Amino acid sequence: MKKIIIIVVIFNLISKVLAFFRELSLAYFFGASSLTDAYLVAFSIPTIIFGIVGMGILNGYIPIYNQIKETSGDSIAKKFTINFSNIMLVICFFIFIFCFLFSDYLVKLFSYGFDKKTLELASFFTKISLLTIFPITLVSIFSGYLQSNNKFFSAAFIGIPTNLLYIIGTYISYKNNDFIMLVLFSCFALFFQFIFLCPFIFKTGYRHNFKVNIHDKNLHQLLILSIPIILGTSLEQINILIDRIIASSLKPGTITILNYSGKLNGAILSLAVMTILNILYPKFSSLVSQNNIDILKEKIRYTINMIFIFAFPIMFGIIILSKEISIFIFGRGNLDRDLVITIAKCLSCYSLCFVALCLRDLSTKIFYSFKNSRTPVINSSIGIILNIILNIILSKYLGVSGIALATSISTIFISILLFYNLKKYDIYLEKSNLIVLYKVIIASLFMSIIVYISKRYLNSLGRLNIIIYIAISVISYITVIYILKIEEIKDLFKLFFKYLKLK
């Protein structure tokens, strides 16, 4: 499992680097304007709506698939997957027709602050982007299928060619002065994700047909489990929509600024910890199905420590280097310096909930493993109410940065609440977790002080200073946590050097 995590993290690293270039290319060639706002809103409609459904499918499908595989065998589990994917495609078709006919109203719902010209443009882009609901749904289903069959590499690698297509599409669109080409390339990139997965799916022995059985009892069980998950996830995504709706009432380009800072923070988050959680979730589900609760608790204890070890220094690092990171990534092309500084402020605000996001995702996956989707829904409902209130208040005083800060505060609150509710499964922070937390905070503070001092004396390389600061951060942090004798770090070092010897 540890080797899988390392290889998948490497794939994810490459993918996230390309994702940085993807956002950088959009910022470089098109900046932040009403045109980019319209593009982002148009693609947020299918990606957020079906991202919600896809997350519900993924988190609901994996425990059901594992249960079927344990009790009825691999063949029955594959038949269930075929039936489920066919039914989802039929549902997608009807949703596509409905959303296509009422795209104008959808755009107004997502961005009431747009002027008439931007609304019309966003509506036109939306009609095209709605085609992506089909590949988004299929990728969600078959990513879960591959993960459940211990095929992690293909799902991890998928972001690399996809992001390359986005970057190429952005460049070609700019050179031809045709923004619609970017919209079409964006659609093709999402279709390519599923095309890329197909050989790996067929390699498992999967063979598709178009038979539909709506009376499948396993399907009913999945729907019962997925609907609350979708509701819970939708409430989380509604937070994003609320951010964008309020941002649309501010000056043009604000949605794009939020997008750049949010995507940058999310990319770092995904690279650092979320990959590990996505790999471990099928294992959590399998352990619950087998009633191996003691082993499950040990896995959770280890995961919490890994979150602390990786997430805390990154959170401190982003806060202290937000300006340098934003200038390095976005400080060129059609984005002026004031916009870049605004992105840096938003990035700092978003990063405040970095650790909380990881713990929230872990807690949610644990609840789903126990087939409890009700608790995350209730907690998310409370969080969204808090986010709405804070968004309205803080945006008045802090502008776009207030929107990001409101999201972080509500996320931290939800995370604490979720983790507290895990006590019903006798899961809580153990003494070993608290010891690691204490050591990690000390190391992160030491790292921050070293970087702060370095910023005062090492500033001769301009934008490239960020590379020096990151190197100093990594060296100082690793040195301290190694001195403080954190066992998980020693295990990672041993595994790393063992891997080098094998090479």
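The model shown is predicted, which means the values in this text are computed figures rather than measured ones. Values reported hereafter were calculated over all heavy atoms of this structure, with side chains retained and with hydrogens, waters and symmetry mates removed.
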F312 and F316 aromatic ring geometry - parallel, tilted or perpendicular at 30°/60° bounds: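 Because their plane-to-plane angle lies in the 30° to 60° range, the rings of F316 and F312 count as tilted.
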
With rounding to the nearest 0.5 angstrom, report the [atom1] to [atom2] distance, [X] to [Y].
| X | Y | atom1 | atom2 | answer |
| --- | --- | --- | --- | --- |
| S408 | Y350 | OG | OH | 8.0 Å |
| D74 | K69 | CG | NZ | 5.0 Å |
| N421 | I427 | CG | CD1 | 12.0 Å |
| I403 | I392 | CD1 | CD1 | 11.0 Å |
| N387 | N391 | CG | CG | 4.5 Å |
| T407 | I412 | OG1 | CD1 | 11.0 Å |

Compare all side-chain heavy atoms of [X] with those of [Y] and state whether any distance is below 4.5 angstrom.
| X | Y | value |
| --- | --- | --- |
| M315 | L352 | no |
| Y469 | I320 | no |
| L89 | T137 | no |
| L131 | F96 | yes |
| S415 | L357 | no |
| I393 | I389 | yes |
| S395 | V400 | no |
| Y477 | I450 | no |

Is a side-chain donor or acceptor of [X] paired with a backbone partner of [Y] at a separation under 3.5 angstrom?
| X | Y | value |
| --- | --- | --- |
| N379 | T375 | yes |
| N83 | N213 | yes |
| N86 | K211 | yes |
| R207 | F202 | yes |
| N433 | R301 | yes |

Quick one: closest heavy-atom pair of [X] and [Y], and the distance?
| X | Y | answer |
| --- | --- | --- |
| S410 | L386 | CA-CD2, 3.8 Å |
| M447 | S473 | CG-O, 3.5 Å |
| L422 | S363 | CD1-OG, 3.8 Å |
| C349 | A404 | CB-CB, 3.7 Å |
| I201 | T204 | O-OG1, 2.5 Å |
| I318 | S348 | O-OG, 4.4 Å |

Evaluation steps, side chain to side chain contact (heavy atoms under 4.5 Å, CB included), between R22 and Y166: CA-CA 6 Å; R22 168 187 163 184; Y166 275 113; 3.5 Å; yes

Does a sphere of radius 6.0 Å around [atom1] in [X] hold more than 12 heavy atoms from other residues, nucleotides or ligands, not counting ones at 6.0 Å or beyond?
| X | atom1 | value |
| --- | --- | --- |
| K79 | NZ | no |
| K424 | NZ | yes |
| K439 | NZ | yes |

Distance-only side-chain donor-acceptor flag, S85 / Y145, under 3.5 Å: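 Side-chain D/A pair, S85 to Y145: absent.
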
I95/C99 under side chain to side chain contact (heavy atoms under 4.5 Å, CB included): CA gap, chis, key distance, verdict: CA-CA 6 Å; I95 292 175; C99 292; 3.9 Å; yes

Residue pairs involving residues 189-198 (criterion side chain to side chain donor-acceptor pair (under 3.5 Å); sequence neighbours excluded):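 Qualifying pairs: none.
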
Taking the ring of [Y] and the ring of [X], is the distance between their centroids below 6.0 Å?
| X | Y | answer |
| --- | --- | --- |
| F196 | F200 | yes |
| Y65 | F80 | no |
| Y206 | F142 | yes |

From CA spacing to verdict: side chain to side chain contact (heavy atoms under 4.5 Å, CB included), V212, I214: CA-CA 6 Å; V212 174; I214 60 174; 3.9 Å; yes

Residue pair L394, I409: steps toward the side chain to side chain contact (heavy atoms under 4.5 Å, CB included) verdict: CA-CA 11 Å; L394 295 178; I409 294 171; 4.3 Å; yes

